[in-house]
Amino acid sequence: MSLGKTPPIRVLLADADHTFRKMRSQLLALEDDLDIVAEVASGAEVLGLAQLHAPDVTVLTSPLPGCDELALATELRAQVPSCAVVILGSSEGASLSDALAAGAQAMLLKEAPGQRLIRAIRAVHAGHRYVDQESVADAVTRDNRATS
């Protein structure tokens with residue numbers, strides 16, 4: 001009896017910055033278990049392409065022109081429930097708790113090394129949440145500022 005190869009994790013990348021989007025796409029393409037099914041530059045394109053390509057994971061980089069990434073994450077999870085969401089944010093963007101409440105399964109700083117993004121994609125595809133230590137430290141700092 002032969003065991004079939006596990007299908008690759010289908011990933012949709014959304015990033016307004018063409019250079020960073022291409023760099024991430026090229027990095028992810030080096031992984032045998034990841035398949036980039038679409039790349040988009042705006043939030044307006046995400047839902048249509050997610051419905052068309054049915055990705056396993058969508059990576060939303062904040063900010064995306066003309067959209068609220070948290071609302072987009074919520075809508076994406078409603079329209080394509082099998083798709084996990086990873087948000088790459090900045091220290092000025094959405095908080096970790098807001099991202100998780102919006103339905104994202106992972107949040108990293110957009111400057112996080114590529115290997116962390118790869119780990120996050122694999123983790124959320126496996127049904128887990130993933131938060132890197134820098135994002136946790138950022139969330140704690142924000143909470144401390146908010147309560148001071």
Side-chain angles (χ1 to χ4, degrees), residues 5-143 145:
K5 184 178 176 185
T6 303
I9 300 168
R10 299 167 46 83
V11 180
L12 186 153
L13 290 175
D15 191 328
D17 186 309
H18 175 77
T19 303
F20 280 108
R21 188 174 64 251
K22 286 297 175 192
M23 286 178 12
R24 284 190 185 103
S25 178
Q26 290 171 354
L27 173 73
L28 298 179
L30 294 173
E31 301 296 315
D32 291 337
D33 63 334
L34 302 180
D35 180 26
I36 308 305
V37 295
E39 298 177 32
V40 300
S42 73
E45 301 170 279
V46 170
L47 292 175
L49 287 177
Q51 291 173 336
L52 178 66
H53 294 289
D56 299 308
V57 178
T58 294
V59 178
L60 301 175
T61 303
S62 178
L64 283 171
C67 89
D68 171 348
E69 291 78 22
L70 298 180
L72 180 58
T74 301
E75 188 63 25
L76 180 59
R77 294 285 295 147
Q79 290 189 25
V80 188
S82 62
C83 180
V85 177
V86 174
I87 294 180
L88 299 178
S90 67
S91 57
E92 295 82 35
S95 72
L96 170 64
S97 58
D98 290 340
L100 296 176
Q105 287 81 12
M107 183 169 185
L108 296 87
L109 292 175
K110 60 178 136 183
E111 299 83 15
Q115 288 304 313
R116 285 191 197 154
L117 175 58
I118 292 167
R119 279 196 299 269
I121 290 169
R122 289 175 177 149
V124 300
H125 181 256
H128 306 289
R129 286 192 168 176
Y130 181 95
V131 179
D132 74 354
Q133 292 177 347
E134 289 180 41
S135 295
V136 170
D138 181 55
V140 169
T141 300
R142 282 185 198 203
D143 287 345
R145 278 190 244 142

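Along the sequence shown, residues are numbered consecutively beginning with 1.
Across all their heavy atoms, Cys83 and Arg77 have their closest contact at O-NH1, 2.7 Å. Ala99 and Met107 make their closest contact through CB-SD, 3.6 Å (heavy atoms, listed as atom of the first residue, atom of the second, distance). Summarising the geometry of Ile87 relative to Ala73, their closest heavy-atom pair is CD1-CB, 4.4 Å, with the distance given to 0.1 Å. Among all heavy-atom pairs drawn from Pro55 and Ala50, the shortest one is CD-O, 3.3 Å.
At least one side-chain heavy atom of Leu88 sits less than 4.5 Å from a side-chain heavy atom of Arg24. At least one side-chain heavy atom of Tyr130 sits less than 4.5 Å from a side-chain heavy atom of Leu108. Using a 4.5 Å heavy-atom cutoff, the side chains of Thr61 and Asp17 are not in contact. Residues Leu28 and Ile121 form a side-chain contact, since some pair of their non-hydrogen atoms from C-beta on lies under 4.5 Å apart. Contact of the Leu52 side chain with the Val37 side chain is not registered, since no non-hydrogen atoms from C-beta on lie closer than 4.5 Å. Side chains of Lys110 and Pro63 form a contact here, defined as non-hydrogen atoms less than 4.5 Å apart. Proximity of Val85 to Leu72: side-chain heavy atoms (C-beta onward) are nowhere separated by under 4.5 Å. Side chains of Val40 and Leu64 form no contact here, defined as non-hydrogen atoms less than 4.5 Å apart.
The structure places CD of Glu69 at 12.5 Å from CG of Leu76, a figure rounded to the nearest 0.5 Å. Taking CG of Leu13 as the start and CE of Met23 as the end, the distance is 12.0 Å to the nearest 0.5 Å. Annotation: the span from Gln115 atom CD to Glu31 atom CD amounts to 6.0 Å, rounded to 0.5 Å. Rounding to the nearest 0.5 Å places CG of Leu27 at 4.0 Å from CD1 of Ile118. Atom NE2 in His53 sits 10.5 Å away from atom OG1 in Thr58 (nearest 0.5 Å). In this structure, the separation between CG on Asp15 and OG on Ser62 is 10.0 Å, given to the nearest 0.5 Å.
Side-chain contact annotation: Arg122 with His125, donor-acceptor N/O pair under 3.5 Å absent.
With Asp56 contributing its side chain and Arg10 its backbone, the two residues share a donor-acceptor pair below 3.5 Å. Using a distance-only test at 3.5 Å, with no hydrogens or angles considered, no donor-acceptor pair links the side chain of Gln105 to the main chain of Arg129. Thr74 contributes a side-chain N or O that, together with a main-chain N or O of Ala102, makes up a donor-acceptor pair within less than 3.5 Å.
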Using side chain to side chain contact (heavy atoms under 4.5 Å, CB included), reason through Leu47 and Gln79 one step at a time and then give a plain yes or no.
CA-CA 8 Å; Leu47 292 175; Gln79 290 189 25; 3.9 Å; yes

